[in-house]
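These notes are about the structure you will find just below.
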Amino acid sequence: MNPNPEDLAALFRTLSDEELALQGSSGMLSELAQSIAQAEATARGLLLPGFVPLEPQEVRYGDMQIVEKNLTPTEAHVLCVCLQVAGVPATVGDVNLVQTYSLLSIAVGGACVRVPPAFVAEAREVIAAYKRGEFRLDDDFDVDNPNQ
């Protein structure tokens, strides 16, 4: 009998955390059922005994497109991190060249920020919000108590 992976996933979703841990660590599951049980446990934030989670694979987006130019290296890094925090995969470009040879900055157009083509629209929205000052911290911002 070959169980349907969707049926197994539905079954494991109905189990409590304790039942899932018990079944997943029993050693009695088939390889397919074990992998589905581990996936469900991982989705719930549980770690089954003997389960070593795989490292996330690096996602490749292909060519990158420049969304902002003429930045200093520091500005490029700040904007890049702002985009990354907003969920946009971003990288900086030409920062080492501009920082090392500042007289060439005009020739290369300054440092830049690049994103995958699928994220250009979202990146432009985040950049516009950044430039409007929507992410600025107040003067009395307390690092030790950020929710105040």
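Heavy atoms only: backbone and side chains are in, while hydrogens, waters and symmetry mates are out.
Cluster annotation: L71 and V67 are assigned to the same hydrophobic cluster (Ile/Leu/Val/Met/Phe/Trp/Tyr, side-chain heavy-atom contacts under 4.5 Å, transitive). A continuous path of Ile, Leu, Val, Met, Phe, Trp and Tyr side chains, each step under 4.5 Å between heavy atoms, connects Y130 with F119, placing both in one hydrophobic cluster. Cluster membership for V120 and V88, using ILVMFWY side-chain heavy atoms within less than 4.5 angstrom, is shared. In the hydrophobic clustering of this structure, F12 groups with L32; members are Ile, Leu, Val, Met, Phe, Trp, Tyr whose side-chain heavy atoms approach within less than 4.5 Å, directly or through other members. Under the 4.5 Å side-chain contact rule for hydrophobic residues, V113 and V95 do not share a cluster.
Rounded to the nearest 0.5 Å, atoms CG (D17) and CD (E40) are 9.0 Å apart. Taken to the nearest 0.5 Å, the CD atom of Q99 stands 12.5 Å off from the CG atom of D94. The line from CG of L11 to CD of E6 is 13.5 Å long, rounded to the nearest 0.5 Å. Note that OG1 of T91 and NE2 of H77 are 10.5 Å apart. Values are rounded to the nearest 0.5 Å.
Other residues, nucleotides and ligands contribute more than 12 heavy atoms inside 6.0 Å of the CG atom of L137. For CZ of F135, the number of neighbouring non-hydrogen atoms (other residues, nucleotides, ligands) closer than 6.0 Å is greater than 12.
For the pairing with E75, the side-chain contact (heavy atoms from CB on, under 4.5 Å) check across L79, V78, T72 returns one residue only, T72.
Taking each heavy atom of C112 and K69 in turn, the nearest pair found is CB-CG, 3.8 Å. A pairwise comparison of heavy atoms in V98 and A111 identifies CG2-N, 3.8 Å as the closest pair. Listed here is the closest heavy atom pair of R44 and T14: NH2-N, 4.5 Å. Heavy-atom minimum distance, A76 versus V92: O-CG1, 3.4 Å. Considering all non-hydrogen atoms of both residues, L83 and V115 come closest at CD1-CG1, 4.2 Å.
The backbone N or O of A90 lies less than 3.5 Å from no partner atom in the side chain of R114, so there is not a single donor-acceptor pair.
Looking only at side-chain heavy atoms (C-beta outward), M64 and P116 come within less than 4.5 Å of each other.
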